Amino acid sequence: MSLFTPRSRQLPEATEGGAETDDQETGQRTVEEVGEKPGWFGWRTRFPRTARGVTIGTTVLAAALVLGALLMPNRLDRMNAQAFLRLPVEAILLAGLLLALPRRARRITAVVSGVLIGLFTIIKFLDMGFRQTLARPFDLVFDWILLDDATDFVRESFGRSGQVLAVTGAIVLAVAVLALCTLAVVRLTNLLVRHRPVALRSTLVLGIVWIVCFTLGVQFGGVPFATKGNTQFVANRVQQVRDGIFDAQEFEKKATVDAFAKTPPDQLLTGLRGKDVLFTFIESYGRVAIDDPAMAPQIDAALQQGNSRLKAAGFASRSGWLRSPVTGAGSWLAHSTFLSGLWVKNQQRYRSLTGGDRATLTSYFQKTGAWRTVGIVPGVRKAWPEGKYFGLDHIYDSTHLGYNGPYFSWTPVPDQFSLEAFERLEHGKENRDPIMAEIILASSHNPWSPIARMVDWDQLGDGSVFEQIKKEGTDPKEVWKSSKSVRTEYRKAIEYSLQSLTEWVERYGDDDTVLVFLGDHQPVPTVTGGDTNKDVPITIVARDPKVLDRIADWGWTDGLKPAGNAPVWGMDTFRDRFMTAYAK
């Protein structure tokens, strides 16, 4: 017998024509009146009190499950007692509908309603997860591909067994939610029909109560008592899908507008001819690292130390802020926004961009013929055909940097080694052409445990030196038990990335070095404390004063640390501003 099998059901009674009548209309005797079914092995007969307790308890659980699913918010920061002490209009309307329908239609409606409630619950769970990582709800149109990326991240961070457990747990949870919600609605439907008069009166009273409370705006603990949250939830998702369908057309129109598309190659980026231009992204380097009181002192010290080293080596720098299209994750969307001059906020836009002919900042360097364009992308472990779209003559992924050391959770190659590999493979070669490089520093990628640390540059070798460093590092499973420890490890990872980069410039930079480095997005809400700000720092470093003179009117701050009131630009505006500044 199913856990949600109704305690009683009406006994069919033949009509004159031999057909059964509708049990909701005949008022026939129930099984309660003629005796309970014996149940498995006759346990109901032997233990009647227990059987009755199980029946009542199961019904209560069914009601709690359905109400809990309808009232559950889709974000963890709103998960409190007040959220569940409300009256959902959807439950009242569903009860009224089920009482009004004939038997067959009622059964179908009950099953469909249970499945839909289960689906809404699953989407709410997805929203919670996405808000905890991306600070936004799950997108029904664009985000399915990210679930595969999430499983890859779990495998790299917690191993194959962790991935299997996580995926299995997610599947079991989804199936359980769908099944239990459906069984619960069916059970409650049978209960309503068995007690039709009471159910009708109760539904009518609750409907009146809802209308009065909604009209008067009655609240408990600052939360409205009469809610239509699920109706709004569905409406928002329908609008989200509609927006997603039309978004592609809008994006394609914007992609055709390019102020530099018809500029002759010999007139592009003339102010940087002969320079090595390095566009370097520091993973998850967001404004929180500079502004948060718990991190600011150490990050400020790291920036001041780097600034002092660079000044001693003859370099100057200017810093500002960019607003990223994403937060928490989605680095490739930020990178393509920065390079293309378009707001690439979702996977559909990314695919449209990389499948089109829109020129990027890097491809314009390639178009001039004055630079060799390369990519240092240690986080790439699979085929990356988009690399050609971005105008990179050669790409060095995690398998082509000469690294034979250990992974640091998700991070395949420590930043210091990636930069040393760039020097060995490209920058340090004699009699070469000027280089434009896109460099991704991934050591500050979530989960920030364990973290590499700096070693003597001459001792890097093939990376084996990092084996012992990893063994001495922290365990991500332990780190993520506390938000405080996560924030501490994040801060240390940013310090390591900054030190790797500034020491590389100090060690290998020259008069022709132009470094542009920036964060791609803010870290996850566990680090930002739920702050929705999407600002990231950006800095330009050069020894030649003429390079920085060209951006003197940008209003940026001297040094590696942007002032709090420095200009904040959309990340999509940087390409055209940069190309304009260096085309004079």
Side-chain angles (χ1 to χ4, degrees), residues 1-10 22-24 30-31 37 39-40 51 53-74 79 83-84 86-129 138 140 144 147 167-196 199-200 202-203 206 227-238 241:
M1 176 179 289
S2 168
L3 182 65
F4 287 95
T5 299
R7 182 167 75 91
S8 61
R9 61 182 177 85
Q10 293 174 324
D22 192 321
D23 55 1
Q24 75 177 46
T30 67
V31 175
K37 297 182 77 173
W40 289 332
V54 170
T55 299
I56 295 174
T58 317
T59 302
V60 171
L61 287 175
L65 177 62
V66 172
L67 286 175
L70 290 173
L71 292 172
M72 183 177 71
N74 65 339
M79 191 76 73
F84 294 94
R86 296 181 294 163
L87 182 61
V89 69
E90 297 83 9
I92 299 172
L93 294 176
L94 179 59
L97 177 63
L98 291 171
L99 288 168
L101 290 173
R103 179 173 57 185
R104 179 167 298 179
R106 182 178 67 245
R107 289 175 176 173
I108 295 174
T109 301
V111 171
V112 172
S113 298
V115 171
L116 289 176
I117 291 173
L119 288 174
F120 294 159
T121 304
I122 291 172
I123 294 174
K124 289 178 181 180
F125 283 141
L126 288 171
D127 280 354
M128 291 180 194
F138 179 75
L140 289 170
W144 296 105
L147 299 181
V167 172
T168 302
I171 294 174
V172 170
L173 177 62
V175 173
V177 167
L178 287 173
L180 292 174
C181 285
T182 302
L183 291 171
V185 173
V186 170
R187 182 176 185 84
L188 294 176
T189 300
N190 292 335
L191 180 67
L192 291 174
V193 172
R194 288 203 308 273
H195 304 283
R196 168 178 286 277
L200 284 172
S202 300
T203 302
L206 289 174
T227 176
K228 56 176 182 175
N230 287 280
T231 303
Q232 189 62 49
F233 178 77
V234 174
N236 290 342
R237 292 315 164 103
V238 171
V241 172

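All values derive from a computational prediction rather than experimental measurement.
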Original post:
Does the side chain of Ile123 reach to within under 4.5 Å of the side chain of Leu140, using non-hydrogen atoms?
Top reply: yes

Subject >> Leu93/Lys228 under side chain to side chain contact (heavy atoms under 4.5 Å, CB included): CA gap, chis, key distance, verdict >> reply: CA-CA 11 Å; Leu93 294 176; Lys228 56 176 182 175; over 6 Å; no

Subject >> Side chains of Leu191 and Arg187 in contact at under 4.5 Å (non-hydrogen atoms) >> reply: no

**OP:** Return the set of residues passing salt bridge (Lys or Arg N to Asp or Glu O under 4.0 Å) with Arg86 (not counting sequence neighbours), or none when no residue passes.
**Re:** none

Subject >> By side-chain hydrogen bond (donor to acceptor under 3.5 Å, both in side chains) - contacts of Asp127 (at least two apart) >> reply: Asn74, Arg237

Subject >> Separation of Arg107 CZ from Leu101 CG (nearest 0.5 Å) >> reply: 13.0 Å

Subject >> All pairs passing salt bridge (charged side-chain N to carboxylate O under 4.0 Å, His left out) where residues 56-68 contributes a residue, at least two apart >> reply: none

Original post:
side chain to side chain contact (heavy atoms under 4.5 Å, CB included) between Met72 and Phe84: does it pass, once the steps are laid out?
Top reply: CA-CA 7 Å; Met72 183 177 71; Phe84 294 94; 4.1 Å; yes

Listing, residues 108-115 side-chain donor-acceptor contacts under 3.5 Å, not counting sequence neighbours, or none:
residue	atom	partner	partner atom	Å
Thr109	OG1	Ala105	O	2.7
Ser113	OG	Thr109	O	2.7

Subject >> Qualifying side-chain hydrogen bond (donor to acceptor under 3.5 Å, both in side chains) pairs, either residue in residues 88-99, two or more places apart >> reply: Glu90-Thr231

Original post:
For Ala95, what residues pass the side chain to side chain contact (heavy atoms under 4.5 Å, CB included) criterion, not counting sequence neighbours?
Top reply: Leu192, Thr203

Subject >> side-chain hydrogen bond (donor to acceptor under 3.5 Å, both in side chains) against Ser202, all qualifying residues, sequence neighbours excluded >> reply: none

Subject >> Pro73 and Met79, any side-chain heavy atoms less than 4.5 Å apart >> reply: yes

Subject >> Gap between atom CD1 of Ile117 and atom CD1 of Ile122 - 0.5 Å precision >> reply: 12.5 Å

